[in-house]
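These notes concern the structure reproduced below.
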Amino acid sequence: MSDEPLVLGIETSCDETGVGIVRGQTLLVDTVASSVEEHARFGGVVPEVASRAHLEAMVPTIERACREAGVQLRDLDAISVTSGPGLAGALLVGVASAKALALALGKPIYGVNHLASHVAVDIVEHGPLPEPTMAMLVSGGHSSLLLVPDVTNDVRSLGSTMDDAAGEAFDKVARVLGLPFPGGPHVDRAAREGNRIAIDFPRGLTTGRDMERHRFDFSFSGLKTAVARWVETRQRAGETVPVADVAASFQEAVVDVLTRKALLACKEHDVDHLLIGGGVAANSRLRALAEERCARAGVTLRVPRPGLCTDNGAMVAALGAQMVAKGREPSDLGLPTDSSMPVTLVQA
Ligand code: KG4
Ligand code: ZN
């Protein structure tokens, strides 16, 4: 028997019902039931639909995780759950389920921050996190630059998006280009056939006074509007829209700003490890440009595999296992959900 903590993690902040089991720094299983197809026809996640889907998926997903990992619930050392940020109703399903398990099994519960979990998951992929690590989280719900001296209790926000999240911009531009939801992977694919310098789209918050006041913040709504205008102008003139070139040029504008600011943050905070997480970390051009610029700057790049970048239960279990290993006190059984939980609060 290993004396490393065995932790089950539950994630329900958006449209994925994730249940993962981690022993220490080893991932045993990561099961995800997604309701993304139920939202596709609405072009975005519908909170009530997500909550109901979590309710239906929760018990079967926990059972499947335990079966596939060969773990009995009574062998767990702790339950870990996302307490925020995220959709209020969706979070409630996960936290209520975790509380029921903790109470019935007599196990400690850790209510943890979704964003810190996105960082912690890389421990099961690439080993212990250097302290500090710079983390850039880019998904449909968040775009943040974080300085992380200790993922279990010290996460500092350097900047975040002022408007749309990076993934949200991909999804909206995909819609303008007539590509399906969620649009990120489709834009990525279309862009491979396109010319990324065909159209010079704006790089938000990268010049003059913006760099003084919003040095590590992002803004993608101006870019999204610029793309929509560019496409409309062509359509009104009866011209065909060069979808691949628009996708490639838009994508370049996003990943140029992301990688530029992330590496500037590394330089100014003297950090030599950059971790990229969240659904947009699956983007092929973001990975390539980050690799190129990190190599040039002497920064080691860490990107979890795509399945661990998108929302999942393993990330919550990974952070929970770190909490136990570092001797952090569990949360109260009455722990709340917090749909706007600040990124600096690792534990509820
Ligand atoms: O982390 P995630 O699964 O869920 C949220 O917490 O939002 O991220 C989903 C987002 C969507 O906006 C999706 O379009 C985007 O990640 N995404 C991508 C790619 N794959 C997923 N964006 C750009 N390129 C991709 N290859
Ligand atoms: Zn997420």
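Positions are given from 1 along the sequence. First listed ligand is number 1; within each ligand, the first listed atom is number 1. Remember, it's a predicted structure, so these values are computed and weren't measured experimentally.
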- Item | Contact flag His114/the Zn ion (ligand 2), N/O/S atoms, threshold under 2.8 Å | yes

Do [Y] and [X] meet the salt-bridge criterion of a basic N to acidic O distance under 4.0 Å?
X      : Y      : value
Glu168 : Lys224 : no
Arg23  : Glu4   : no
Glu291 : Arg287 : no
Asp77  : Lys107 : no
Arg156 : Asp154 : yes
Lys99  : Asp332 : no

- Pairs where residues 334-348 contributes a residue and the test side-chain hydrogen bond (donor to acceptor under 3.5 Å, both in side chains) is met, not counting sequence neighbours: Ser331-Gln347

I'd like to check which ligand 1 atoms, numbered from 1 as shown, lie under 4.0 Å from a non-hydrogen atom of [X].
X      : value
Gly140 : 5 (C), 7 (O), 8 (O), 9 (C), 10 (C), 12 (O)
Gly167 : 12 (O)
Asp171 : 11 (C), 12 (O), 13 (C), 14 (O)

- Task: Would you name the N/O/S atom of His118 that lies closest to the Zn ion (ligand 2)?
- Result: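 Within His118, restricted to N, O or S, the Zn ion (ligand 2) is closest to atom NE2.
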
- Query: By atom name, which N, O or S atom belonging to Asp311 lies closest to the Zn ion (ligand 2)?
  - Reply: OD1

To the nearest 0.1 Å, how far is [atom] from its closest protein heavy atom, and which atom is that?
atom                    : value
atom 22 (N) of ligand 1 : Gly184 CA, 3.3 Å
atom 17 (N) of ligand 1 : Gly279 O, 3.7 Å
atom 15 (C) of ligand 1 : Val280 CG2, 4.0 Å

- Message: Test of understanding: given a 4.0 Å heavy-atom threshold, classify the contact between His142 and ligand 1 as side chain, backbone, both, or neither.
- Response: side chain

Please check whether [X] reaches ligand 1 - meaning an N/O of the residue sits under 3.5 Å from an N/O of the ligand, judged on distance alone.
X      : value
Gly278 : no
Asp311 : yes
Phe170 : no
Asn283 : yes
Thr310 : no
Gly141 : yes

- Query: Is the backbone of Leu146 close enough, under 3.5 Å, to the side chain of Ser144 for a donor and an acceptor to pair up by distance?
  - Reply: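 Side chain of Ser144 to backbone of Leu146: no pair is present.
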
- Query: What do you reckon, are the aromatic ring centroids of Phe42 and Phe181 less than 6.0 Å apart?
  - Reply: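 No, ring centres 6.0 Å or more apart.
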
- Item | Heavy-atom proximity to atom 26 (N) of ligand 1, best of Asp188, Val138, Val32, Asn312 |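 Answer by nearest heavy atom: Asp188.
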
- Message: Which residues pass the side-chain contact (heavy atoms from CB on, under 4.5 Å) test with Thr233, not counting sequence neighbours?
- Response: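 With neighbours one apart ignored, the set is empty.
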
- Message: Tell me which one of Ile276, Asp272, Leu158 satisfies side chain to side chain contact (heavy atoms under 4.5 Å, CB included) with Met134.
- Response: Leu158

